[in-house]
Structures are given as C-alpha cells and as structure tokens.
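Single-structure report; data block below.
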Amino acid sequence: MNKQIILLPGDGIGKEIMESAKYVLNTVASEFGHRFTFHSHAIGGDAIDQYGTPLPDDTINACEQADAILLGAVGGKKWEALPGNIRPEQGLLGIRKKLGLFANLRPIQGFAPLLHASPLKEEVVNGSDILIIRELTGGLYFGKPSERIKDGKAVVDTLYYERSEMERIVEKAFESARLRRKHLTSVDKANVLESSRLWREVVNEKSKEYPDVTVEHMLVDAAAMKLITAPTQFDVIVTENLFGDILSDEASVLTGSLGMLPSASIRSDGVGLYEPVHGSAPDIAGKGIANPLGMILSAALMLRHSLQMEEEADEIEEAVRACLEQGYHTADLSVKNGKQVGTKEMTEAVVENITTKSVSDSICSTYA
Ligand code: NAD
C-alpha cells in the first residue's frame with residue numbers, strides 16, 4: 001500500500017521527535033510491505049520565520065491531499081510577543097478547522113514500569129485504559145456571540161450545536177467502543193443544560209444501532225471525580241468540546257508521563273491529524289533528550305484510524321511497551337533500575353523491538 005503522509009514537525013522538540021516517527025514508520029513499512037511517502041511542510045513558529053504566517057497555503061493544500069498528517073508541536077518564546085493572529089498556535093487551530101477535524105481522540109493507558117510516577121496510588125491507576133472522544137469544532141468555543149456587552153459590564157458566550165454535529169461524534173464513539181471493550185460513557189450536564197438534554201437524546205437514539213455496546217450516562221462533575229477515584233471503570237468516554245477539553249487534560253496526568261501520550265483529530269472519511277499531547281518543550285529542544293514515545297504512539301494511532309493498519313499499529317504499541325519493560329527510558333520518565341537514554345537510542349530500541357518481533361513471528365510461522 002502506498003500512502004502519502006504529510007509531516008508538520010513544527011517547533012522545538014517537534015523536529016527531533018518527528019525523525020523518530022519517520023524511522024519507526026519506515027521500519028513498519030518494510031516489515032509489512034507498505035510504502036509511505038513523506039512530505040514535510042512548515043507550521044507554527046517555523047512557518048512564521050519562513051513565510052510570515054503560522055499556516056501557509058502550501059501547507060493547507062498539501063494537508064488537503066494527504067492520506068494522513070503527523071504533527072510534532074508548535075510554539076516557543078521567540079514568537080510569544082507577536083499579535084494573536086500570527087502566533088504559532090493559530091497554525092494548529094487553523095489546520096484542524098480547515099480540514100473539519102471534528103473528533104479528538106485521546107487514548108490514556110498506563111504502562112506498568114511508569115505507574116509509580118502517577119499522582120494517584122498505583123493500585124488505583126493500574127489497569128486504566130481509557131479512550132476520550134471529544135467534539136472539537138462546535139459548542140462554547142465557537143458559538144457566536146462571544147463578547148463583552150453593556151459597556152463591558154456583562155459578557156456573553158454562546159453554546160451552539162447542530163444535532164448533526166452531535167450525531168457524527170456520538171457515532172464515532174459507538175464505532176470506537178465496538179473495537180474495544182464495548183462500554184461507552186456519555187458525559188453531559190443534562191440536569192442543567194438544554195444542549196446536554198439534546199446530547200443525551202442523540203446518544204439514546206444512536207444506541208439502538210449498537211445493541212452490543214453498553215451505554216452509561218454520567219454528569220460531568222461525577223465524571224471528573226470518577227476519573228481520579230476509579231479510572232479503571234472507564235472504557236470509551238464521549239463528550240462535547242468544553243467538557244472534553246477539561247476531562248482529557250485531567251485524565252492525561254493519570255499515567256504520570258506527559259511525554260507518552262498520543263492524540264488524533266479526525267473526520268468521517270478517516271483523514272486525520274496525529275500529534276503528541278505535549279508541547280514543543282523549548283527547555284530541552286536541541287539537546288537530544290526529548291521523549292519520542294508520544295510521537296511514535298501518535299504514528300501508531302495514524303496507522304489504526306486513518307490507514308486501516310490495525311496489526312501494524314499494534315506492533316508499534318507492543319514495541320513501546322516492550323522497551324519500557326526492558327528498562328529503557330528518557331530523562332522525563334523515572335523507571336526503577338532502568339537504562340536512561342536519549343531520543344535516538346529510545347527510537348532505536350523501539351525499532352529493534354519491532355524487527356525482533358517480526359523475525360520471531362516469521363520463525364514461528366515457518367515451524368507452525
Ligand atoms: P510542554 O508540553 O512543551 O512542556 C512541559 C514540560 O514537559 C517541560 O518541562 C518539557 O521539557 C516537558 N516535556 C514535554 N514534552 C516532552 C517530551 N516529549 N520529552 C521530554 N520532556 C517533555 O508545555 P509548555 O512548556 O507549557 O509549552 C511550551 C510551548 O509549547 C509553548 O509555546 C506552548 O504554547 C506550546 N504548546 C504546544 C502544544 C501543541 O503543539 N499541541 C501543546 C501544548 C503547548
């Protein structure tokens with residue numbers, strides 16, 4: 001299979017960890033007989049320096065033609081004093097909006113060797129495996145009017161959703177739950193908000209098409225508590241934009257390792273943008289010590305959700321798990337009795353685990 005992948009390395013450690021993702025993807029391609037063609041384009045501060053804008057037309061055009069997009073991170077001190085509309089973050093918000101990427105997926109999974117670094121007790125967080133699906137292009141962040149009124153003595157923000165916007169994200173959540181443990185928690189504030197009551201109606205209606213998926217409705221305040229008291233009880237969580245923003249950040253600290261978390265922003269035809277949850281980490285950029293695993297796991301998500309390469313995605317995730325169990329870790333992760341390595345060595349370790357597994361699989365099938 002020949003796939004066109006756009007790379008948007010961006011700023012800070014973005015460039016370093018993108019090299020890691022490329023190396024891992026090329027390894028997977030050669031193990032599985034695929035061909036990935038990579039095209040790099042500018043975004044964020046890098047694009048401001050080169051073209052005077054955080055999202056050049058050339059980048060947008062390339063992304064519109066792509067099978068999938070991988071993004072490193074954007075931002076840094078150098079661009080902080082610029083006016084709001086030409087800040088690096090506008091590149092990221094702009095491309096999500098241009099491509100209509102309405103579903104944000106954040107898998108949160110604990111890795112056994114890292115659980116001691118979680119702010120929660122190990123026995124509480126052990127076994128957590130959650131997928132948060134957040135609506136990304138509607139709701140309170142986009143509704144108009146959003147302004148000061150009455151000479152600045154009052155303010156209004158608007159929570160606006162079309163029913164169709166709710167239907168498509170809820171459908172995505174049911175489909176995703178079907179591929180996992182078939183349990184969907186829909187989070188809303190239906191005791192207060194009319195938008196949440198419509199949301200609940202949509203979820204109940206859609207659930208008839210997915211009788212194999214168990215649905216649970218939970219108020220957002222209860223969900224926020226449960227995420228830290230009983231995270232293992234969740235499988236897939238679906239919620240609207242504002243609640244999703246807050247809950248996904250709350251959940252991202254459960255595993256105690258920001259550098260490990262991938263994310264995806266996708267639309268119905270499968271096109272998606274994949275990026276680690278962390279930022280450009282300017283404090284460690286250029287030092288060769290950035291943790292590439294969040295980026296590598298984002299590449300795995302890309303294979304699963306945009307390129308229908310489930311087995312290949314599993315292989316990358318297993319290789320990452322194996323590396324951690326072998327004690328490899330970057331400086332941001334604390335692993336007891338581990339072996340601290342830099343970005344390149346960590347990437348090599350992942351690649352080594354992918355190729356070793358392929359060799360042992362082929363030996364098994366030869367003797368089967
Ligand atoms: P950050 O995520 O970049 O860094 C927070 C801390 O975590 C830092 O100490 C950093 O060194 C560390 N860290 C993050 N990723 C790491 C990795 N892969 N390996 C090792 N250590 C890692 O957040 P910040 O410092 O608040 O923001 C820095 C810049 O990134 C800002 O300009 C911000 O706007 C931007 N940002 C971008 C994105 C994005 O591109 N999606 C997200 C968040 C922040």
Side-chain angles (χ1 to χ4, degrees), residues 7-21 24 41-49 54-55 59 63 69-97 99 101 104-106 111 114 117 119 134 136 244-246 248-250 252-253 255-265 272-299 301-302 320 323-324 328-335 338 340-347 349-350:
L7 305 180
L8 307 175
D11 309 316
I13 61 168
K15 291 189 172 60
E16 302 160 46
I17 57 177
M18 188 61 84
E19 284 306 309
S20 303
V24 169
H41 289 268
I43 195 165
D46 178 37
I48 296 173
D49 288 350
L55 186 58
T59 300
C63 290
I69 305 147
L70 269 182
L71 181 129
V74 297
K77 272 211 160 47
K78 184 177 176 190
W79 305 281
E80 272 173 14
L82 291 171
N85 62 334
I86 46 167
R87 293 276 290 273
E89 298 73 23
Q90 291 307 318
L92 184 52
L93 297 177
I95 194 68
R96 285 179 184 156
K97 203 172 163 108
L99 298 178
L101 305 172
N104 184 245
L105 274 56
R106 271 213 208 173
F111 291 92
L114 306 178
R134 163 190 170 194
L136 202 58
D245 189 3
I246 298 167
S248 60
D249 268 19
E250 182 191 356
S252 70
V253 300
T255 55
S257 42
L258 183 66
M260 297 293 303
L261 295 173
S263 81
S265 302
L273 182 143
Y274 298 83
E275 58 182 316
V277 165
H278 61 74
S280 58
D283 52 333
I284 58 163
K287 295 184 179 165
I289 59 170
N291 179 354
L293 297 181
M295 184 80 245
I296 290 172
L297 291 169
S298 300
L301 275 192
M302 176 187 79
V320 166
C323 285
L324 295 168
Y328 289 102
H329 68 98
T330 40
D332 56 307
L333 306 174
S334 75
V335 173
Q340 187 172 318
V341 292
T343 312
K344 277 194 183 146
E345 294 85 350
M346 193 76 199
T347 310
V350 175

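The model shown is predicted, which means the values in this text are computed figures rather than measured ones. Counting convention: from 1, in listed order, for ligands and their atoms alike.
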Indicate, as side chain, backbone, both or neither, the part of [X] found under 4.0 angstrom from ligand 1 when only non-hydrogen atoms are considered.
X	value
Leu258	side chain
Asn291	both
Ile13	side chain
Val74	both

Who gets closest to [atom] by heavy atom: [options]?
atom	options	answer
atom 30 (O) of ligand 1	Pro88, Gly91, Ser280	Ser280
atom 4 (O) of ligand 1	Pro292, Ala281, Ala331	Ala281
atom 31 (C) of ligand 1	Gly279, Gly12, Ala73, Gly76	Gly76

Donor-acceptor under 3.5 Å ([X] side chain, [Y] main chain):
X	Y	result
Thr343	Pro292	no
Glu16	Gly286	yes
Gln90	Arg87	no
Ser280	Gly75	yes
Ser248	Gly244	yes
Thr330	Ile289	no

Hey, which atoms in ligand 1 end up nearer than 4.0 Å to a heavy atom of [X]?
X	value
Pro282	28 (C)
Ala290	19 (N)
Leu92	39 (C), 40 (O), 41 (N)
Glu275	41 (N)
Glu89	34 (O)
Gly75	32 (O)

Margin query: I'd like to check whether Glu80 has a polar contact with ligand 1, where a contact means an N/O of the residue lying under 3.5 Å from an N/O of the ligand.
Written below: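 No, since none of the N or O atoms of Glu80 sits under 3.5 Å from an N or O of ligand 1.
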What do you think, any protein heavy atom under 4.0 angstrom from [atom]?
atom	answer
atom 2 (O) of ligand 1	yes
atom 27 (O) of ligand 1	no
atom 11 (O) of ligand 1	yes

Check: Is the shortest heavy-atom distance from the side chain of Asp11 to the side chain of Trp79 under 4.5 Å?
Finding: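 With C-beta onward as the side chain, the pair touches.
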Next item on the list: State whether Arg106 and Asp249 are salt-bridged, where the test is any N-O pair (Lys NZ or Arg NE/NH1/NH2 against Asp/Glu carboxylate O) under 4.0 Å.
Entry: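 A salt bridge links Arg106 with Asp249.
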